[in-house]
Amino acid sequence: MKTIKNIILVACILLTCSCKKFLEEKPTYFLTPESDLSSEKVARGFANAGYQNLQGLLAGQPSSYGGNTWNLMEFVTGKANSDLGQTGFVNFSNLSYNATSFYFDTWWRQLYLGIGACNLAIQKIPAINATGLTDEEKANMLAEVRTLRALYYFYLVRMYGAVPKVTETPKDLNLNFPRTAAKEIYDTIIIPDLLEAEKSTLPWKDATGQVSMGAVKSILADVYLTYAGAAINGGNQFYAESAKRSLDVIEKGGYTLFPEYTDMIKPSNKNTGEFIFQVQYAAAVPSNNPLTPLTIPNFSGISKYSDEYGSVYPTPQFIQSFAAGDKRVAERQFFYRSYPNIKTGQTVTFRQAYIYKWFDTDAVLNTVKSDLNFTLYRLPDVQLMYAEASNRAEGGPNSKAIGYVNAIRNRAKLAPIGALSQTTFEQEVWLQRNFELCFENKMWFDMIRTRKVHNDVTGNWDNFVGHRTTFGATFAEKQLLFPVPQQEINVNPNLLPNNPGF
């Protein structure tokens, strides 16, 4: 890991504005922007560095016990609670967070570190003339890092709106970049990077976890769906572009739904089946997936972990909003309500349902090292993207869209849907996204993209602005964007003004 760490160190210095196989490589090269580029391994090292900060999507919050960047995206939905006051949960449940609150700075820093590593790779890889390294291989490596750079920026614009546009490795420490409008970031970085990657010969699937064509098109489908929606209001042509890419993934990618939900928590299934693109973790290296201990009920005594955090768990209203008979809410599917004590074997019944989606049984009972990946895109997500996008683009649901929704409902043991109006079908798609992708850091982005929130008490779809959560807080315009972190503003006044309300 020395190569990757040294690149990130350089990127950290320069950007103070802030697979399993490829993550376990241990090259001996020390890479800097001035490194001699004469080896295929060096090229691969530059490309690999772009992946390192994907783990920043699950980065711990140093000053918060049980705090993690993942927590933020669930707390703000109003559909999650926490056993730990140290996570800063209260400030998010009552919507009193500000520019100095937990998580905002960690997300910003990790995303820009990833962008810095990608910029360095894009700069250096084309100049490498190594024996055995073909132009096609270099083009595919560049496709990987362009996809990753697009993904990092995609997170940034959805979270913060206008952000600094950094596309080259800085040559000095004059890093006071101004903010660039989100639409320009989409138009000049995110979409062009993905369209360029789409021209590559990357394979549709990659069992090591590297970027595949399936990942490229899944991200592009998500980007176009978001661009078409409320944030940019791009309109029907972008719904059509989203539908085109998502259908490619569904029909050409070779991905298949797992028969059982619990297949998703078997380490042997990483990067296979319905998993299109995942953040890579391995029990054999220190950076194993933190979500297993984070989601174990606090002090429950059901595991060998010394810290059972209970950092995030669903509100009872969310659990109750699932349809009767929905398998996803049954015991030890997406959630669980009891488990044997690790020492006595007696069943411990919890006060409420907890998240079972990252329950790595071997880690819980034996190793305390989770071997699960964290999924960014899987097949049901893309199927539902197609259903939503095609419904908008065509003025109503087509037979394929209905079929994909019914495949998801069938696995949940729900009756199939028939012919529906455009609006009713769209709301059904949103509902399935709400349930199928819950606690995968998707719901918040769906809320701000559609400007709609499912009311778990009434069953209605409320307007985002004005929706009252079960914690008694009401979403306002200011909630549509997160505040730019104050510590970033302190070193770069050009980031002002902050987002409205902050």
Passes side chain to side chain contact (heavy atoms under 4.5 Å, CB included), Asp381 versus Arg433? Steps please.
CA-CA 7 Å; Asp381 186 2; Arg433 290 187 65 83; 2.8 Å; yes
Any idea which heavy atoms bring Ala47 and Ala121 closest together, and the distance?
N-CB, 4.4 Å
Whether over 12 other heavy atoms sit under 6.0 Å from Glu477 CD:
no
Passing option when Lys79 is tested against Thr315, Asp456, Asn434 for side chain to side chain donor-acceptor pair (under 3.5 Å):
Asp456
Ser212 and Phe277, any side-chain heavy atoms less than 4.5 Å apart:
no
Scan Asn398, Asp248, Asn391 and name whichever one has a side chain to side chain donor-acceptor pair (under 3.5 Å) with Tyr386.
Asn398
Does any pair with a residue in residues 91-108 pass salt bridge (Lys or Arg N to Asp or Glu O under 4.0 Å), and if so which ones, sequence neighbours excluded?
none
Of all heavy-atom pairs linking Asn176 and Val491, the shortest is OD1-O, 3.2 Å
Is there a side-chain contact between Pro290 and Asn68 (heavy atoms, below 4.5 Å)?
yes
Might you point out which heavy atoms bring Asn91 and Asn94 nearest each other, and give the distance in Å?
O-OD1, 3.2 Å
Does the side chain of Val216 reach to within under 4.5 Å of the side chain of Leu202, using non-hydrogen atoms?
yes
Between Tyr103 and Phe482, ring centroids under 6.0 Å:
no
Could you please spell out the steps behind the salt bridge (Lys or Arg N to Asp or Glu O under 4.0 Å) verdict for Glu241 and Arg245?
CA-CA 6 Å; Glu241 294 291 349; Arg245 271 47 179 224; 2.3 Å; yes
Set out, in order, the CA-CA distance, both residues' side-chain angles and the distance that settles side chain to side chain donor-acceptor pair (under 3.5 Å) for Gln52 and Asn48, then state yes or no.
CA-CA 7 Å; Gln52 180 73 2; Asn48 284 357; over 6 Å; no
Euclidean distance, Thr77 OG1 relative to Leu72 CG, rounded to 0.5 Å
10.0 Å
Trace of the side chain to side chain contact (heavy atoms under 4.5 Å, CB included) decision for Thr69 with Gln110
CA-CA 10 Å; Thr69 47; Gln110 291 292 333; 5.5 Å; no
Under the 3.5 angstrom rule, does the side chain of Lys452 hit a backbone N or O of Gln427 as a donor-acceptor pair?
no
Which value, rounded to the nearest 0.5 Å, describes the distance between Arg158 atom CZ and Ile185 atom CD1?
14.0 Å
Any side-chain heavy-atom pair of Met73 and Trp107 under 4.5 Å:
yes
Would Thr100 and Gln486 satisfy side chain to side chain donor-acceptor pair (under 3.5 Å), going step by step from the backbone distance to the final call?
CA-CA 6 Å; Thr100 64; Gln486 186 61 47; over 6 Å; no
With a 6.0 Å cut-off on the ring centroids, do Phe471 and Phe89 count as close?
yes
Answer yes or no: does atom NZ of Lys252 have more than 12 heavy-atom neighbours from other residues, nucleotides or ligands under 6.0 Å?
no
Just jot down the side-chain hydrogen bond (donor to acceptor under 3.5 Å, both in side chains) partners of Asp222, sequence neighbours excluded, or say none.
Tyr377
Using the benzene-type ring in the case of Trp, are the ring centres of Phe464 and Trp444 under 6.0 Å apart?
yes
What's the verdict on salt bridge (Lys or Arg N to Asp or Glu O under 4.0 Å) for Asp446 and Lys442, showing C-alpha distance, side-chain angles and the deciding distance?
CA-CA 6 Å; Asp446 283 345; Lys442 298 283 183 177; over 6 Å; no
d(Asn441 CG, Thr375 OG1) to nearest 0.5 Å is 11.5 Å
Is the Phe258 to Phe275 ring centre distance short of 6.0 Å?
yes
Could you check if a side-chain atom of Leu384 sits within less than 4.5 angstrom of a side-chain atom of Val405, using non-hydrogen atoms only?
yes
Say you draw a straight line from NZ of Lys124 to OG1 of Thr169; how long is it, rounded to the nearest 0.5 Å?
8.0 Å
Regarding Gln422 and Glu426, do their side chains bring together a donor and an acceptor under 3.5 Å, going by distance alone?
no
Table please: side-chain donor-acceptor pairs of residues 147-154 below 3.5 Å, with sequence neighbours left out.
{"from": "Thr147", "atom 1": "OG1", "to": "Ala143", "atom 2": "O", "distance (Å)": "2.7"}
{"from": "Arg149", "atom 1": "NE", "to": "Asp193", "atom 2": "OD2", "distance (Å)": "2.8"}
{"from": "Arg149", "atom 1": "NH1", "to": "Asn119", "atom 2": "OD1", "distance (Å)": "2.8"}
{"from": "Arg149", "atom 1": "NH1", "to": "Thr167", "atom 2": "O", "distance (Å)": "3.4"}
{"from": "Arg149", "atom 1": "NH2", "to": "Asp193", "atom 2": "OD1", "distance (Å)": "3.0"}
{"from": "Arg149", "atom 1": "NH2", "to": "Asp193", "atom 2": "OD2", "distance (Å)": "3.2"}
{"from": "Tyr152", "atom 1": "OH", "to": "Gly50", "atom 2": "O", "distance (Å)": "2.6"}
{"from": "Tyr152", "atom 1": "OH", "to": "Leu54", "atom 2": "N", "distance (Å)": "3.2"}
{"from": "Tyr153", "atom 1": "OH", "to": "Val166", "atom 2": "N", "distance (Å)": "2.7"}
{"from": "Tyr153", "atom 1": "OH", "to": "Val166", "atom 2": "O", "distance (Å)": "2.8"}

Does Phe435 have Arg328 sitting over its ring (NZ/CZ under 6.0 Å from centre, angle to axis within 45°)?
no
So, Asp462 versus Asn455: side-chain donor-acceptor pair below 3.5 Å or not?
yes
Side-chain ion pair, Arg44 and Glu144, N-O less than 4.0 Å:
yes
Taken to the nearest 0.5 Å, the spacing of Leu495 CG from Tyr160 OH works out to 11.5 Å
On the six-membered ring of Phe177, is Lys165 placed so that its NZ or CZ lies under 6.0 angstrom from the centre and within 45° of the ring axis?
no
Shortest non-hydrogen contact from Asn499 to Pro483?
ND2-CA, 4.4 Å
Strictly by modelled atom types, are Asn271 and Gln280 linked by a side-chain donor-acceptor pair under 3.5 Å?
yes
Heavy atoms of Cys438 and Phe318 approach each other most closely as CB-CZ, 3.7 Å
Using side chain to side chain contact (heavy atoms under 4.5 Å, CB included), reason through Phe374 and Asn289 one step at a time and then give a plain yes or no.
CA-CA 7 Å; Phe374 177 63; Asn289 189 331; 4.3 Å; yes
Are any non-hydrogen side-chain atoms of Val279 and Leu58 less than 4.5 angstrom apart?
no
Run the numbers on Phe102 and Tyr97 for ring-ring contact (aromatic ring centres under 6.0 Å, His included), then give the verdict.
CA-CA 8 Å; Phe102 288 156; Tyr97 57 83; over 10 Å; no
Hey, does Trp108 have a side-chain heavy atom less than 4.5 Å from the side chain of Met159?
no
NZ (Lys478) and CG (Asn498) are apart, to the nearest 0.5 Å, by 10.0 Å
Less than 4.0 Å between a side-chain N and a carboxylate O, is that true for Arg411 and Glu274?
yes
Which pair of non-hydrogen atoms, one from Thr87 and one from Ser311, has the smallest distance, and what is that distance?
CG2-OG, 4.2 Å
Quick check: do Arg449 and Glu388 have side-chain heavy atoms less than 4.5 Å from each other?
yes
May I ask you to decide if the ring planes of Trp358 and Trp70 are parallel, tilted or perpendicular, using 30° and 60° as cut-offs?
perpendicular
